[in-house]
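Order of listing sets the numbers, starting from 1, for every ligand and every atom in it. All residue numbers refer to positions in the sequence shown, counting from 1. For clarity, every value in this text was computed on a predicted model and none was experimentally measured.
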Amino acid sequence: MRERLEALKAEALEELAQVTNQQQLNEMRIKYLGKKGPITEVLRGMGALSAEERPVIGQVANDVRAAIEAVIESKQAEYEKAETEMRLRAETIDVTLPGRPAAAGAAHPISKVIQQIEDIFIGMGYTVAEGPEVEQDYYNFEALNLPKNHPARDMQDSFYITDEILMRTHTSPVQVRTMEKKRGQVPVKIICPGRVYRRDDDDATHSHMFTQIEGLVIDRNIRMSDLKGTLLQFVQELFGKQTQIRMRPSFFPFTEPSAEVDVTCAMCGGKGCRVCKQTGWLEILGSGMVHPRVLEMAGYDPEEYSGFAFGLGVERIAMLKYDIEDIRHFYTNDLRFLKQFAHL
Ligand code: DAH
């Protein structure tokens with residue numbers, strides 16, 4: 001029996017010496033150390049031995065087993081180490097390689113101009129209000145003193161969704177919504193930036209969708225001079241201290257009196273050029289004193305309160321400020337165009 005065990009050991013060690021990979025090693029483990037392996041078999045035959053022989057052979061069997069086990073374990077450790085090394089090598093990061101810069105975006109020029117205008121008015125104590133782009137006929141027209149059948153409500157000018165719901169054609173409905181929310185309290189002092197929609201044929205200066213900023217101030221004793229002073233302050237902050245304004249009589253159903261406001265042309269300083277069509281002036285917004293009927297419908301007594309309002313087109317302001325010749329640039333989103341304004 002001792003010879004058989006020794007022979008087994010020699011055979012196993014020789015075979016193990018040929019092993020070159022993990023799979024073969026697993027097979028060897030099963031073959032020599034498994035429940036059906038030759039050592040187990042030898043041990044099973046121990047019953048036939050004498051009482052003196054039994055512990056001696058048992059010891060030999062254990063030694064053989066331990067010797068085979070030791071070789072298997074050392075090979076196992078070798079393979080594990082090799083595998084770890086391989087993994088580490090594969091996962092090595094070269095921290096000295098130059099990085100791949102992430103392409104950074106920038107806010108859209110219209111967003112930036114809105115931000116600049118907001119900052120100016122916030123500096124004058126205004127808060128920023130918002131309203132829905134899908135609007136009720138009542139807020140878009142009726143409550144602004146544009147009764148049914150008014151020409152400005154023409155189906156040709158507005159995107160109607162139903163008879164009573166449309167895409168807002170201006171940001172003025174937010175005036176009404178704000179006053180309703182304030183429930184007759186003063187002061188009201190807001191600006192409202194947002195998108196507006198009109199059925200227009202798009203060209204260099206017209207777009208079916210554009211951006212407006214509405215302004216509204218309601219309090220006691222608000223006068224036309226407050227409007228003029230506010231707008232002068234605004235344009236001088238936006239276009240520069242040298243900028244002047246002029247107000248021309250105009251008409252809007254929601255203001256009385258109404259005025260269109262021009263600024264001195266920033267391109268030529270008022271001397272006359274291509275941009276201002278040789279007039280020296282550029283129209284930038286509509287404004288006026290809030291119509292008494294508009295105040296009344298929104299719950300403000302026109303005998304006690306008065307206010308001014310104005311509405312300007314953000315694209316037009318951006319085009320003047322940055323000498324952009326076509327409004328469609330803002331929507332076609334050509335990166336070569338947008339990148340020029342990334343630094344603003
Ligand atoms: N809502 C007008 C428009 O879209 C602009 C405007 C004019 C707004 C006069 C006003 C205003 O608040 O007082 O053309």
Side-chain angles (χ1 to χ4, degrees), residues 114 117 121 126 128-133 135-147 150-154 156-159 166-180 188-200 205-219 222-232 234-235 245-263 282-298 300 302 305-317 327:
I114 290 174
I117 296 174
F121 281 101
Y126 288 66
V128 177
E130 277 183 26
E133 289 176 28
E135 185 55 283
Q136 295 170 38
D137 181 276
Y138 175 78
Y139 289 111
N140 196 79
F141 291 133
E142 198 129 336
L144 290 165
N145 200 28
L146 276 123
H150 192 284
R153 310 175 55 140
D154 199 314
Q156 283 176 357
D157 295 330
S158 314
F159 289 110
L166 73 160
M167 302 306 290
R168 68 178 173 196
T169 58
H170 50 180
T171 42
S172 301
V174 184
Q175 289 188 24
V176 181
R177 289 180 170 276
T178 304
M179 285 189 276
E180 277 188 2
V188 176
K189 213 170 166 190
I190 55 125
I191 53 162
C192 164
R195 288 204 182 94
V196 302
Y197 302 84
R198 289 187 196 173
R199 285 164 59 121
D200 235 335
T205 54
H206 295 83
S207 169
H208 62 286
M209 180 196 83
F210 58 101
T211 319
Q212 284 191 334
I213 295 182
E214 191 79 12
L216 175 70
V217 172
I218 311 276
D219 208 334
I222 298 292
R223 295 165 305 193
M224 198 90 178
S225 54
D226 296 311
L227 171 64
K228 188 174 180 186
T230 300
L231 293 178
L232 183 61
F234 162 63
V235 300
I245 60 170
R246 79 175 177 188
M247 300 175 93
R248 286 179 289 106
S250 184
F251 173 80
F252 299 103
F254 31 90
T255 44
E256 182 58 37
S258 305
E260 264 165 342
V261 176
D262 301 340
V263 291
L282 295 162
E283 184 196 325
I284 59 155
L285 58 82
S287 65
M289 301 306 292
V290 180
H291 197 289
R293 276 192 51 73
V294 173
L295 287 172
E296 208 166 9
M297 278 187 277
Y300 284 81
Y305 301 110
S306 56
F308 65 74
F310 57 88
L312 57 86
V314 181
E315 282 78 359
R316 181 161 168 77
I317 299 260
I327 195 170

Original post:
Say you draw a straight line from CG of L282 to CD1 of I245; how long is it, rounded to the nearest 0.5 Å?
Top reply: 13.5 Å
Subject >> Reported CD-to-CZ distance for the pair E130 and R177, which is rounded to 0.5 angstrom >> reply: 12.5 Å
Original post:
Of all residues at least two apart in sequence or in a different chain, which pass the ring pair (Phe, Tyr, Trp, His ring centres under 6.0 Å) check with Y126?
Top reply: F121
**OP:** Apply salt bridge (charged side-chain N to carboxylate O under 4.0 Å, His left out) to E256 and R293, showing your working.
**Re:** CA-CA 10 Å; E256 182 58 37; R293 276 192 51 73; over 6 Å; no
**OP:** For ligand 1, list the protein residues that place a heavy atom within a distance below 4.0 Å of one of its atoms, sorted by chain and number.
**Re:** H170, S172, Q175, R198, Q212, E214, F252, F254, T255, G286, S287, G288, A309, F310, G311
Subject >> Intermediate values then yes/no, ring-ring contact (aromatic ring centres under 6.0 Å, His included), F252 and H170 >> reply: CA-CA 12 Å; F252 299 103; H170 50 180; 9.4 Å; no
**OP:** Can you label the angle between the F159 ring and the H208 ring as parallel, tilted or perpendicular, going by 30° and 60°?
**Re:** perpendicular
